**Student:** 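Input: one structure, supplied below.
Being a predicted model, the structure only gives us computed values, none of them experimental.
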Amino acid sequence: MTTRTDCLQRDAQDPLAALRDRFDLPPGVIYLDGNSLGARPKAALARAQHVIAREWGHDLIRSWNTAGWFDLPKRLGNRLAPLIGAGEDEVVVTDTTSLNLFKALAAALHMQATDGAERRVIVTERSNFPTDIYMAQGLSGWLDRGYVVKLIDSVEELPDVIGADTAVVMLTHVNYRTGYQHDMRATSALAHAAGALIVWDLAHSAGAVPLDLNGDGADLAVGCTYKYLNGGPGAPAFIWVPRRHQARFTQPLSGWWGHAAPFAMAPDFAPVDGIGRALCGTQPVVSLAMVECGLEVFEQTSMAALRQKSLALTDLFIELVEQRCADHPLGLVTPREHARRGSQVGFTHPHGYAVMSALIARGVIGDYREPAIMRFGFTPLYTSYTEVWDAVEILRDILDRQDYDVDAKRDAVT
């Protein structure tokens with residue numbers, strides 16, 4: 001049986017342990033919520049101060065050129081690209097995940113329509129992150145051309161649901177509640193075999209699991225930078241458009257940053273060639289600068305090394321919870337199979353909200369999602385094996401003593 005001493009030894013032998021020092025983590029806190037908001041890279045504070053005091057405060061508007069502000073979305077996209085299996089000039093960091101998903105869906109539907117396909121169905125999961133469903137519903141209703149959003153309840157339904165009427169399959173690669181990870185290659189091939197395009201949401205994948213968008217045959221993808229990529233709260237998201245689709249990629253948010261000659265100030269829109277056509281309006285420079293601090297840390301390691309530690313951390317957490325909390329009504333909702341698991345673990349409990357609130361009060365920060373799921377995210381860049389042991393010990397103590405308030409007011413849980 002694993003002991004705390006075993007965990008201390010694993011930390012001492014961990015080749016990624018030094019990366020923890022790149023983050024500013026508060027003392028007395030075990031942070032297991034990097035799947036919602038990544039920890040702050042230490043470099044971010046100095047970077048923000050420099051951007052605000054020097055680039056904005058001193059150099060003013062000149063910084064669009066002298067500090068490279070104008071090129072930030074593409075420069076960051078190229079630094080992010082290796083983490084998701086994208087090529088150079090296939091990614092831009094810009095806008096929000098929801099806005100980028102709107103662009104990707106609109107582009108995919110337009111590509112199908114220009115091919116003359118009478119396809120009007122967008123397939124997605126009922127358990128998808130709600131805003132993804134809302135964006136699909138909003139776009140299909142606004143177009144008013146007979147588009148419908150078809151919701152499935154399990155991945156096993158996909159072969160029967162994807163058919164001649166399917167325009168787009170829209171899936172989140174790692175499910176935000178359960179941590180279930182789709183087989184991207186097989187699912188993309190399934191969509192293509194039926195003549196559909198596939199759009200992937202990588203919000204819970206980018207920076208957490210190895211990805212190969214080009215190799216796995218994806219068509220378009222979006223994701224956020226404020227979770228595992230540690231870009232900061234509300235940091236700009238990203239959108240990936242492979243070279244094979246860039247000439248046909250068109251989206252209705254045709255702002256001046258996506259124009260072929262933005263400073264010509266022409267009254268008619270002409271899209272720029274390449275990934276720049278996924279851009280819209282003026283970019284949030286300070287927020288973009290913070291994203292770079294997170295990406296710099298990833299250049300000190302590899303996704304293969306991060307994945308190896310991620311699986312070890314989540315295996316350990318599952319093992320310890322099931323051993324040390326065996327007398328309590330906990331139910332694992334996350335797949336045990338490595339190929340189907342992201343970098344998070346969810347357990348149900350009849351009083352999950354109250355238990356999570358008690359954990360947070362004791363310094364173990366996870367989060368809660370309906371129905372009754374306590375969700376724990378494991379970020380290999382800064383999560384230690386000993387923290388996993390200590391978190392489970394605190395959970396065991398709370399459950400054994402029933403030290404939680406079942407009548408607690410349901411405010412937002414971190």
**Student:** Side chains of Ile122 and Val148: does their closest heavy-atom pair fall under 4.5 Å?
**Tutor:**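 No, too far: nothing below the 4.5 Å cut-off.
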**Student:** Would you confirm whether Thr114, through its side chain, and Met111, through its main-chain N or O, come within 3.5 Å as a donor-acceptor pair?
**Tutor:**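 The answer is yes, because a donor-acceptor pair under 3.5 Å joins these two groups.
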**Student:** Does this structure show an ion pair linking Arg75 with Asp71, if we count only N-O contacts that are shorter than 4.0 Å?
**Tutor:**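 No.
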**Student:** Could you check whether atom CH2 of Trp256 has more than 12 heavy atoms from other residues, nucleotides or ligands sitting under 6.0 Å from it?
**Tutor:**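 Yes, the 6.0 Å shell around CH2 holds more than 12 heavy atoms from other groups.
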**Student:** State, to 0.1 Å, how close Thr94 and Gln283 come at their nearest heavy-atom pair, and which atoms those are.
**Tutor:**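 For Thr94 and Gln283, the tightest heavy-atom pair comes out as OG1-OE1, 2.9 Å.
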**Student:** How about Trp64 and Trp257: are their ring centroids closer than 6.0 Å?
**Tutor:**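 Centroid separation for Trp64 and Trp257: below 6.0 Å.
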**Student:** Hey, does the side chain of Arg119 reach the backbone of Ala167 with a donor-acceptor pair shorter than 3.5 angstrom?
**Tutor:**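 Flag not set: sc Arg119 to bb Ala167 has no pair under 3.5 Å.
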**Student:** Do Lys150 and Glu157 sit within salt-bridge range, that is, some charged N less than 4.0 Å from a carboxylate O?
**Tutor:**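 No.
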**Student:** For Tyr385, is there any backbone N or O sitting under 3.5 Å from a side-chain donor or acceptor partner on Asp11?
**Tutor:**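 Yes; at least one donor-acceptor contact below 3.5 Å.
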**Student:** Can you give me the closest heavy-atom contact between Thr334 and Thr178, atom names plus distance?
**Tutor:**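 In terms of heavy atoms, the two residues are closest at OG1-O, 2.7 Å.
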**Student:** Search all heavy atoms of Gln112 against all heavy atoms of Thr166 and return the closest pair with its distance.
**Tutor:**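 Here Gln112 and Thr166 meet closest at NE2-O, 4.2 Å.
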**Student:** Would you find a donor on one side and an acceptor on the other, under 3.5 Å apart, between the side chain of Tyr368 and the backbone of Ala372?
**Tutor:**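 Yes; at least one donor-acceptor contact below 3.5 Å.
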**Student:** May I ask you to decide whether Arg362 forms a salt bridge with Asp390, counting only side-chain N to carboxylate O separations under 4.0 Å?
**Tutor:**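 No salt bridge links Arg362 with Asp390.
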**Student:** Quick check on His110: does its NE2 atom have over 12 non-hydrogen neighbours (other residues, nucleotides or ligands) under 6.0 Å away?
**Tutor:**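 Not more than 12 within 6.0 Å, no.
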**Student:** For the side chain to side chain contact (heavy atoms under 4.5 Å, CB included) test, which of His204, Lys227, Arg375, Gln344 pairs with Ser36?
**Tutor:**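 That would be Arg375.
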**Student:** Would you say that Ile318 contacts Leu332 through its side chain, given a criterion of any heavy-atom pair below 4.5 Å between the two side chains?
**Tutor:**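 Yes, side chains in contact.
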**Student:** Can Arg126 and Ile133 be said to form a side chain to side chain contact (heavy atoms under 4.5 Å, CB included), step by step?
**Tutor:** CA-CA 8 Å; Arg126 196 180 309 276; Ile133 301 174; 5.6 Å; no
**Student:** Between Asp95 and Lys103 (salt bridge meaning N to carboxylate O under 4.0 Å), is one present in this structure?
**Tutor:**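 Answer for the salt bridge query: yes.
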**Student:** For Ala305, is there any backbone N or O sitting under 3.5 Å from a side-chain donor or acceptor partner on Ser302?
**Tutor:**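 Between the backbone of Ala305 and the side chain of Ser302 there is a qualifying donor-acceptor contact (under 3.5 Å).
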**Student:** May I have the step-by-step check of side chain to side chain contact (heavy atoms under 4.5 Å, CB included) for Asp132 and Thr124, ending in yes or no?
**Tutor:** CA-CA 9 Å; Asp132 290 23; Thr124 192; 5.7 Å; no
**Student:** Taking atom CD1 as the centre, does Ile61 end up with more than 12 heavy-atom neighbours from other residues, nucleotides or ligands that are less than 6.0 angstrom away?
**Tutor:**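 No, CD1 of Ile61 has 12 or fewer neighbouring heavy atoms, counting only those of other groups under 6.0 Å.
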**Student:** Begin from the C-alpha positions of Asn175 and Ser127 and carry the test side chain to side chain donor-acceptor pair (under 3.5 Å) through to its verdict.
**Tutor:** CA-CA 8 Å; Asn175 185 274; Ser127 64; 3.3 Å; yes
**Student:** Just do the salt bridge (Lys or Arg N to Asp or Glu O under 4.0 Å) check on Asp219 and Arg244 with the steps written out, would you?
**Tutor:** CA-CA 9 Å; Asp219 289 304; Arg244 71 180 191 276; 3.2 Å; yes
**Student:** Considering only heavy atoms from C-beta outward, does the side chain of Leu306 approach that of Phe298 to under 4.5 Å?
**Tutor:**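 Yes, at least one pair of side-chain atoms sits under 4.5 Å.
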**Student:** Report yes or no: do Ser188 and Trp200 form a side-chain donor-acceptor pair below 3.5 Å?
**Tutor:**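 There is such a pair (donor and acceptor under 3.5 Å, judged by atom type) between the side chains of Ser188 and Trp200.
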**Student:** Is Asp315 paired with Arg336 through a side-chain N to carboxylate O contact shorter than 4.0 Å?
**Tutor:**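 Judged by the 4.0 Å cut-off on N to carboxylate O distance, Arg336 and Asp315 do not form a salt bridge.
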**Student:** Could you check whether His182 and Glu125, counting side-chain N and O atoms only, form a donor-acceptor pair closer than 3.5 Å?
**Tutor:**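 Their side chains do contain a donor-acceptor pair, which is all the 3.5 Å distance test asks for.
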**Student:** Just checking, is any N or O donor in the side chain of Thr314 or Arg341 under 3.5 Å from an acceptor N or O on the other one?
**Tutor:**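 There is such a pair (donor and acceptor under 3.5 Å, judged by atom type) between the side chains of Thr314 and Arg341.
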**Student:** For Tyr404 and Tyr353, what are the C-alpha separation, side-chain angles and deciding distance, and is it a ring-ring contact (aromatic ring centres under 6.0 Å, His included)?
**Tutor:** CA-CA 9 Å; Tyr404 51 86; Tyr353 179 89; over 10 Å; no
**Student:** I want to check something: taking the side chain as every heavy atom from C-beta on, are Trp240 and Val222 in contact at a cut-off of under 4.5 Å?
**Tutor:**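 Side chain of Trp240 against side chain of Val222, heavy atoms only: no contact under 4.5 Å found.
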**Student:** Check the orientation of Phe317 and Phe376. Use parallel for under 30°, tilted for 30 to 60°, and perpendicular for over 60°.
**Tutor:**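 Taking Phe376 first and then Phe317, their aromatic rings sit tilted (interplane angle of 30° to 60°).
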**Student:** Within the structure provided, determine whether Cys7 and Thr2 are in side-chain contact (heavy-atom separation under 4.5 Å).
**Tutor:**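 In short, these two side chains touch, coming nearer than 4.5 Å.
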**Student:** Between the side chain of Tyr228 and the main-chain N/O of Ser343, is any donor-acceptor distance below 3.5 Å?
**Tutor:**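 At least one qualifying donor-acceptor pair exists.
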**Student:** Is there a donor-acceptor contact under 3.5 Å linking the side chains of Glu90 and Asn214?
**Tutor:**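 Yes - a donor-acceptor pair under 3.5 Å links their side chains.
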**Student:** May I ask you to decide if Leu76's main-chain N or O and Glu292's side chain share a donor-acceptor pair within less than 3.5 Å?
**Tutor:**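 Flag not set: sc Glu292 to bb Leu76 has no pair under 3.5 Å.
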**Student:** Just so I know, are the side chains of Phe23 and Val297 near enough to count as touching, which here means a heavy-atom distance under 4.5 Å?
**Tutor:**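 Side chain of Phe23 against side chain of Val297, heavy atoms only: contact under 4.5 Å found.
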**Student:** Apply salt bridge (Lys or Arg N to Asp or Glu O under 4.0 Å) to residues Asp367 and Arg369 and explain how you reach the verdict.
**Tutor:** CA-CA 7 Å; Asp367 63 19; Arg369 293 292 181 266; 3.7 Å; yes
**Student:** Is there a donor-acceptor contact under 3.5 Å from the side chain of Gln246 to the main chain of Asp89?
**Tutor:**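 Checking the backbone N and O of Asp89 against the side chain of Gln246, a donor-acceptor pair under 3.5 Å is found.
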**Student:** Between Arg47 and Glu296, is there a salt bridge with N-O shorter than 4.0 Å?
**Tutor:**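 Result for this pair is no, no salt bridge flagged.
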**Student:** Answer yes or no: does atom CD of Gln323 have more than 12 heavy-atom neighbours from other residues, nucleotides or ligands under 6.0 Å?
**Tutor:**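 For Gln323, atom CD is crowded (more than 12 foreign heavy atoms under 6.0 Å).
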**Student:** Show the nearest heavy-atom pair for residues His192 and Ala196, with the distance to one decimal.
**Tutor:**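 Nearest pair, atom of His192 first, then Ala196: CD2-O, 3.3 Å.
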**Student:** Is it true that Asp6 and Thr3 share a donor-acceptor pair across their side chains at a distance under 3.5 Å?
**Tutor:**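 Thr3 vs Asp6: donor-acceptor pair found between side chains.
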**Student:** Answer yes when Glu393 and Arg4 have at least one side-chain N-carboxylate O distance shorter than 4.0 Å, and no when they do not.
**Tutor:**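 No, no charged N to carboxylate O under 4.0 Å.
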**Student:** Return the minimal non-hydrogen interatomic distance between Pro252 and Ala106, and the atom names on each side.
**Tutor:**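 Shortest heavy-atom contact: CD-CB, 3.5 Å.
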**Student:** Side chain to side chain contact (heavy atoms under 4.5 Å, CB included), that's the test. Do Val272 and His259 meet it? Break it down for me.
**Tutor:** CA-CA 5 Å; Val272 66; His259 197 285; over 6 Å; no
**Student:** Would you call Arg177-Glu370 a salt bridge at under 4.0 Å N-O?
**Tutor:**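 No salt bridge links Arg177 with Glu370.
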**Student:** Distance-only, no hydrogens or angles: does the Thr97 side chain make a donor-acceptor pair with backbone N or O of Ala237 under 3.5 Å?
**Tutor:**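 Here the side-chain-to-backbone pair does not exist.
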**Student:** So does Phe269 have more than 12 non-hydrogen atoms from other groups sitting under 6.0 Å from CZ?
**Tutor:**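 Yes.
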**Student:** So, is the end of the Arg277 side chain (NZ or CZ) under 6.0 Å from the ring centre of Phe249 and within 45° of the ring's axis?
**Tutor:**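 Ring-cation test returns no.
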**Student:** Less than 4.5 Å apart, any side-chain heavy atom of Leu202 and any of Leu213?
**Tutor:**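 Yes, side chains in contact.
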**Student:** What heavy-atom pair brings Val149 and Ser140 nearest, and what distance separates the two atoms?
**Tutor:**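 Of all heavy-atom pairs spanning Val149 and Ser140, the closest is CG2-OG, 3.8 Å.
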**Student:** As a quick check of understanding, evaluate side chain to side chain contact (heavy atoms under 4.5 Å, CB included) for Ile373 and Phe347, giving each step before the final call.
**Tutor:** CA-CA 6 Å; Ile373 297 174; Phe347 278 96; over 6 Å; no
**Student:** Are Lys309 and Asp14 close enough for a salt bridge, meaning some N to O gap below 4.0 Å?
**Tutor:**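 Looking at Lys309 and Asp14, the cut-off is met.
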**Student:** For the residue pair Val291 and Pro236, establish whether any side-chain heavy-atom pair is separated by less than 4.5 Å.
**Tutor:**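 Side chain of Val291 against side chain of Pro236, heavy atoms only: contact under 4.5 Å found.
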**Student:** Evaluate Asp24 against Lys42 for salt bridge (Lys or Arg N to Asp or Glu O under 4.0 Å), listing each step before the verdict.
**Tutor:** CA-CA 5 Å; Asp24 189 11; Lys42 288 179 179 177; over 6 Å; no
**Student:** Are more than 12 heavy atoms, taken from residues, nucleotides or ligands other than Glu322, located less than 6.0 Å from that residue's CD atom?
**Tutor:**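 Counting other residues, nucleotides and ligands, CD of Glu322 exceeds 12 neighbours.
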